[in-house]
Amino acid sequence: MHEVVLICDGSAIGNPGPSGWACILKLKSGAQERVVTGSHPASTNNRAELMAAIDGLRALKQPCHIELVSDSQYLKKGITEWLPKWQANGFVSASGKPVLNQDLWHQLKQLVEQHEIQWSWTQGHGDDSDQNRADQLALQAARQQAAVMTHG
């Protein structure tokens with residue numbers, strides 16, 4: 001199996017508002033790198049974070065060993081801690097309300113099951129140059145989406 005590092009980030013201008021996401025996929029051997037970005041006209045930061053991971057995993061054509069790096073505790077804790085509880089409770093949160101972003105959590109879960117993933121959290125706007133680059137790419141995608149909406 002290929003060993004991949006997937007660095008992802010999401011951004012929203014307003015919450016909700018124009019959003020963008022980005023992921024950088026790198027073979028651990030350093031032989032290849034691929035960047036995937038996307039955007040949506042009206043979404044939240046949390047949805048953008050989830051979409052970054054989803055699009056990054058979708059870009060992989062075969063099962064891989066992945067270190068997935070994100071600055072989103074919502075993404076990391078959601079997939080590693082909260083999702084099993086939500087599933088057991090019929091996607092109702094501890095507060096008794098429906099879990100937000102269920103559609104994306106279901107998509108992410110299906111993709112995660114195809115790989116072996118180590119989830120890593122890193123400080124946003126910190127010392128991780130790849131994470132900072134993903135952040136800039138996500139913000140750029142959100143700004144481009146905002147410009148399309150403003151200028152048609």
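What you see below is based on every heavy atom in this structure, not just the backbone, and it leaves out hydrogens, waters and symmetry mates. All values derive from a computational prediction rather than experimental measurement.
Cluster membership for Leu83 and Ile66, using ILVMFWY side-chain heavy atoms within less than 4.5 angstrom, is shared. Put simply, Trp119 and Ile7 are part of two different groups of oily side chains (I, L, V, M, F, W, Y) that touch within less than 4.5 Å, one to the next. Ile79 and Trp82 end up in the same hydrophobic cluster when Ile, Leu, Val, Met, Phe, Trp and Tyr side chains are linked at under 4.5 Å.
Residues His40 and Gln145 have side chains that never bring a donor and an acceptor to within less than 3.5 angstrom of each other. Ser120 and Glu67 form a side-chain donor-acceptor contact under 3.5 Å, judged by distance and modelled atom types alone. For the 3.5 Å distance criterion, the side chains of Trp21 and Asp9 fail to qualify, holding no donor opposite an acceptor. Between Ser70 and Ser72, the side chains place no donor N or O within less than 3.5 Å of an acceptor N or O (distance only, hydrogens not considered). Between the side chains of Glu3 and His65, not a single donor N or O lies within less than 3.5 Å of an accepting N or O.
Comment: Lys76 does not engage Asp71 in a salt bridge, judged by the lack of any side-chain N to carboxylate O separation of less than 4.0 angstrom. Checked for salt-bridge contact, Glu33 and Lys28 miss the test: no charged N lies under 4.0 Å from a carboxylate O.
Atom SG of Cys8 and atom CG of Leu57 lie 8.0 Å apart (nearest 0.5 Å). Between the CG atom of Leu68 and the CD1 atom of Ile117 there is a distance of 6.0 Å, given to the nearest 0.5 Å. Remark: Ser39 OG to Met51 CE distance equals 10.0 Å, nearest 0.5 Å. Atoms CG and OG1, from Asp130 and Thr122 in turn, are 10.0 Å apart once rounded to the nearest 0.5 Å. Rounding to the nearest 0.5 Å places OG1 of Thr37 at 9.0 Å from CG of Asp55. Leu60 contributes atom CG, which lies 12.0 Å from atom CE of Met1 (distance to the nearest 0.5 angstrom).
Put simply, the side chain of Arg58 reaches to within 4.5 Å of the side chain of Gln107, judged on heavy atoms. With a 4.5 Å cut-off on side-chain heavy atoms, Ile54 and Leu111 count as touching. The shortest distance between side-chain heavy atoms of Lys26 and Arg34 does not fall below 4.5 Å. Using a 4.5 Å heavy-atom threshold, the side chains of Val69 and Leu6 count as separate. For the pair Val5 and Leu27, the minimum side-chain heavy-atom distance is 4.5 Å or more.
Here the side chain of His115 pairs a donor or acceptor atom with the backbone of Cys64 at under 3.5 angstrom. Remark: the backbone N or O of Asp128 is not paired with any side-chain donor or acceptor of Gln131 at under 3.5 angstrom. Side-chain N or O atoms of Ser93 include one that pairs as donor or acceptor with a backbone N or O of Lys97 at under 3.5 Å. Without hydrogens or angle criteria, Asn101 side chain to Leu104 main chain gives no donor-acceptor distance under 3.5 Å. Asn89 contributes a side-chain N or O that, together with a main-chain N or O of Lys85, makes up a donor-acceptor pair within less than 3.5 Å.
Atom CD of Gln32 has 12 or fewer heavy atoms from other residues, nucleotides or ligands within 6.0 Å. For Asp127, the CG atom sits in a loose shell: 12 or fewer heavy atoms of surrounding residues, nucleotides or ligands are nearer than 6.0 Å.
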For Tyr74 and Trp105, run ring pair (Phe, Tyr, Trp, His ring centres under 6.0 Å): C-alpha distance rounded to whole Å, both residues' side-chain angles, the deciding distance at 0.1 Å, then the answer. CA-CA 11 Å; Tyr74 177 72; Trp105 286 115; 5.4 Å; yes
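Closest non-hydrogen pair, Ala12 versus Thr44, comes out as CB-C, 3.9 Å. For Leu139 against Ser11, the heavy-atom pair with the smallest separation is CD1-OG, 3.6 Å. Contact record, Leu25 with Ala59: CD1-CB, 4.2 Å, taken as the closest heavy-atom pair.
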